[in-house]
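Beneath this line is the structure, given in structure tokens, with notes to follow.
Since this is a predicted model, take the numbers as computed values, not measurements.
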Amino acid sequence: SQPLMGVRGLAEHILIGMQRGWDLTDERLRSRLDRIIEQADRMVHIIDHVRMFAREAKNPETTSVEVNDVVRSAVEFLGAQLGARGIQVKFELSEDLPAISANPFSLEEVILNLLTNARDAVVDRVEADPKGPPGHVMLSTGSVGVSPGSGVSIDVTDNGGGISEAVRAQAFDPFFTTKDPDKGTGLGLSISKSIVEQFDGT
């Protein structure tokens with residue numbers, strides 16, 4: 001609903017300006033219309049993903065997937081949210097990676113889960129130490145495996161507070177969470193692990 005409220009606010013602002021005879025220059029109008037289009041595109045992106053997740057969850061078909069495209073799509077999905085919290089997104093994506101056999105929407109769900117966890121960890125750390133370094137999240141990809149090009153790695157790293165050994169041991173347990181009940185179900189990493197294993201990954 002956030003992009004929708006943004007669109008409504010921008011349109012309402014233009015309308016009030018016209019009714020009150022404000023000096024709405026072409027440049028100001030164009031800038032607001034550009035933002036309306038940008039927010040509408042975000043809504044289309046979100047709605048498409050919700051539809052795909054709903055459809056693919058029942059019977060995830062595997063196809064040939066370019067991992068870097070999935071990583072970029074996930075960041076596009078959450079990028080505005082990360083930026084609003086002052087978190088910088090960095091990339092180290094290896095080019096010429098082999099395509100992998102997976103379901104792109106399920107794989108994106110894994111990356112979104114990792115990004116959400118990274119966001120929460122960074123926000124918690126920055127709130128606890130506002131004078132510390134600004135928050136960032138790094139997404140990197142690379143080749144792994146016995147022979148070159150036989151597999152692909154995806155890493156999501158952040159400069160949050162880290163994970164203790166005790167928590168790490170339980171991280172994949174269903175319903176285990178360190179977050180408040182209204183912020184996490186404890187299913188994100190458990191579901192992510194199942195998805196990755198479904199595509200013969202680890």
Side-chain angles (χ1 to χ4, degrees), residues 2-3 6 34-35 37-50 52-53 56 60 62-127 129-130 132-145 147-163 168 171-172 179 184 188-189 191-193 195-202:
Q2 280 180 320
D34 277 345
R35 285 179 62 197
I37 291 166
E38 187 184 297
Q39 293 298 311
D41 285 346
R42 274 190 67 209
M43 283 187 281
V44 169
H45 189 72
I46 289 166
I47 290 163
D48 282 350
H49 275 70
V50 170
M52 289 293 185
F53 282 145
E56 300 292 337
T62 56
T63 182
S64 181
V65 174
E66 298 292 339
V67 164
N68 287 347
D69 291 344
V70 178
V71 168
R72 290 188 189 100
S73 182
V75 171
E76 186 181 334
F77 194 79
L78 269 187
Q81 204 183 98
L82 294 167
R85 287 166 171 77
I87 299 171
Q88 185 187 6
V89 179
K90 302 177 180 182
F91 293 96
E92 277 185 3
L93 306 182
S94 296
E95 297 306 322
D96 304 320
L97 290 174
I100 62 166
S101 178
N103 179 284
F105 301 103
S106 298
L107 189 58
E108 185 168 345
E109 186 179 353
V110 172
I111 298 168
L112 287 171
N113 277 326
L114 296 176
L115 277 173
T116 302
N117 284 352
R119 177 201 66 198
D120 293 346
V122 170
V123 167
D124 286 350
R125 195 266 302 158
V126 170
E127 283 177 354
D129 179 23
H136 73 253
V137 175
M138 167 79 81
L139 291 101
S140 47
T141 57
S143 282
V144 292
S147 59
S150 62
V152 170
S153 68
I154 304 170
D155 289 287
V156 179
T157 55
D158 61 69
N159 66 342
I163 305 174
R168 198 175 301 181
F172 292 112
K179 299 176 187 178
L189 287 180
I191 289 169
S192 297
K193 185 172 187 281
I195 289 170
V196 170
E197 287 172 348
Q198 197 175 0
F199 307 133
D200 298 322
T202 55

**OP:** In sequence, state the C-alpha distance, the side-chain angles, and the governing distance for V144 and V152, and then conclude on side chain to side chain contact (heavy atoms under 4.5 Å, CB included).
**Re:** CA-CA 5 Å; V144 292; V152 170; 5.7 Å; no
Original post:
Yes or no on side chain to side chain contact (heavy atoms under 4.5 Å, CB included) for I100 and L107, after CA distance, side-chain angles and deciding distance?
Top reply: CA-CA 11 Å; I100 62 166; L107 189 58; 4.0 Å; yes
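Remark: the N103 side chain and the T62 side chain contain no N/O donor-acceptor pair separated by less than 3.5 Å.
Here the shortest heavy-atom pairing between E66 and L97 reads OE1-O, 4.0 Å. For the residue pair A74 and I111, the shortest heavy atom distance occurs at CB-CG2, 3.6 Å. Between F199 and S101, the closest heavy-atom pair is CB-O, 3.8 Å. The two residues A121 and D158 come nearest to each other via the heavy atoms CB-OD1, 4.1 Å. V65 and P104 make their closest contact through CG2-CD, 3.8 Å (heavy atoms, listed as atom of the first residue, atom of the second, distance). Between S94 and G142 the shortest heavy-atom distance is OG-CA, 3.6 Å.
The number of heavy-atom neighbours closer than 6.0 Å to CD of E92, taken from other residues, nucleotides and ligands shown, is 12 or below.
Taken to the nearest 0.5 Å, the OG1 atom of T116 stands 9.0 Å off from the CZ atom of F77. For the atom pair CG (D129) and CG (D124), the distance works out to 12.5 Å, reported to the nearest 0.5 Å. Between M138 atom CE and K90 atom NZ the span is 6.0 Å, to the nearest 0.5 Å.
Residues T141 and F91 have side chains not in contact (no heavy-atom distance under 4.5 Å, counting atoms from C-beta outward). Residues R119 and I87 form a side-chain contact, since some pair of their non-hydrogen atoms from C-beta on lies under 4.5 Å apart. Using a 4.5 Å cut-off on side-chain heavy atoms (C-beta onward), E109 and I195 make contact. Between L189 and K193, the closest side-chain pair of non-hydrogen atoms is not below 4.5 Å. Between T202 and V196 the shortest side-chain heavy-atom distance does not fall below 4.5 Å. Within the 4.5 Å cutoff, the side chain of V75 has heavy atoms near those of the L139 side chain.
R125 places no side-chain N or O within donor-acceptor distance of the main-chain N or O of G161, the cut-off being under 3.5 Å. For the pair N113 (side chain) and S192 (backbone), a donor-acceptor distance under 3.5 Å is absent. Side chain of R85 to backbone of V122: no donor-acceptor contact under 3.5 angstrom is found. At distances below 3.5 Å, at least one donor-acceptor pair connects side-chain atoms of N159 with backbone N or O atoms of P134. S73 contributes no side-chain N or O that, together with a main-chain N or O of D69, makes up a donor-acceptor pair within less than 3.5 Å.
Under a 4.0 Å N-O distance rule, the pair E76/R72 does not qualify as a salt bridge.
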